[in-house]
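Each remark here refers to the structure printed beneath this line.
All ligand and atom numbering here is 1-based and tracks the order in the structure.
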Amino acid sequence: MIHIKTLEEIEIQRKSALMVSATLTQVASLLKPGITTLSLDTMAEAYIRDNGGIPSFKNYGPKGHTFPFSLCISVNDAVVHGFPNTRELRDGDIISVDCGVYMNGFHGDSAYTFAIGNVAPATLQLLRVTKESVYRGIAAAADGNRVGDISYAIEQYTNGQHGYGIVRELVGHGVGRNLHEDPNVPNYGRRGDGKRLKENMVLAIEPMINLGTRNIDQLPDGWTITTADGKPSAHFEHTTWVRKGQGEPLSSFLPIEAAERANPELASDHYQ
Ligand code: MG
Ligand code: MG
């Protein structure tokens with residue numbers, strides 16, 4: 001069942017989504033070579049709870065197989081669902097940070113990929129294209145369109161124009177009172193296919209795009225997804241309000257990008 005939100009509910013959900021953006025902004029200001037991803041997770045959990053939220057991902061999942069952290073942190077060839085750990089980040093790493101916040105009955109869900117120091121130009125291009133593809137998807141998240149129109153917009157740009165591998169096993173999703181709701185929003189597909197979009201649905205649009213093959217593996221931790229060929233992968237995500245004409249992101253990259261530009265340890269010139 002696909003939920004249609006009231007305008008009041010959407011404004012509540014926007015606050016959750018913007019709390020995710022604020023948390024990712026904190027991450028952006030802390031990132032540097034030598035920092036551990038576990039320390040970022042500790043900071044993020046404290047920040048979310050201090051601001052009246054609950055980390056959506058912590059203990060998420062079926063009994064006996066729950067995610068143990070507040071952030072999913074996926075470095076280099078890790079695609080999504082990476083565990084924060086005590087490995088120190090290095091110059092040249094890319095780091096995808098996915099965050100969810102539950103507040104006042106609604107979840108926000110957003111992700112951003114950062115580049116630390118001197119990152120290969122081809123990898124920076126992957127980040128730029130993946131981020132742009134989120135906005136192509138959002139533009140297609142219009143009342144009267146179908147899910148496949150979002151999928152096609154992302155696929156056509158990332159794979160059609162740029163030849164990147166699109167992860168198929170993991171997809172975007174509805175988001176609201178539950179972290180994962182109907183419908184699934186694949187990052188590949190055909191125009192006019194799938195469920196019809198209605199005004200005031202809220203979708204997490206989240207392309208997971210690989211520099212090389214689309215094929216993936218899962219690590220023995222039961223969560224972390226990696227590229228099968230070891231090449232880098234990027235992940236950007238916005239909680240998105242379906243509207244007439246085009247969608248509107250409820251989360252925002254603007255404060256994240258400002259923190260990224262202000263942090264000399266991060267490559268950000270490729271975004272401008
Ligand atoms: Mg997410
Ligand atoms: Mg999501």
- request: Please report the C-alpha distance between Arg128 and Glu132 in whole Å, then the side-chain angles of each, then the deciding distance to 0.1 Å, and finally whether the salt bridge (Lys or Arg N to Asp or Glu O under 4.0 Å) criterion is met.
  value: CA-CA 6 Å; Arg128 184 190 310 122; Glu132 168 62 21; over 6 Å; no
task: Measure from the Mg ion (ligand 2) to every N/O/S atom of Glu206 and report the name of the nearest one.
output: OE2
Tyr157 and His162 aromatic ring geometry - parallel, tilted or perpendicular at 30°/60° bounds: perpendicular
- prompt: With respect to the Mg ion (ligand 1), what is the nearest N, O or S atom of Asp109?
  reply: OD1
field: N-O pairing of Lys15 and Glu11 below 4.0 Å
entry: no
- prompt: Restricting to N, O or S atoms of Glu237, which is nearest to the Mg ion (ligand 1)?
  reply: OE1
Closest approach to the Mg ion (ligand 1) by Asp98, given as the N, O or S atom name: OD1
- prompt: Would His180 count as a contact for the Mg ion (ligand 2), in the sense that one of its N, O or S atoms lies under 2.8 Å from it?
  reply: no
Under 3.5 Å side-chain donor-acceptor pair for Ser29 and Asn263: no
query: Using the benzene-type ring in the case of Trp, are the ring centres of Phe69 and Phe57 under 6.0 Å apart?
result: no
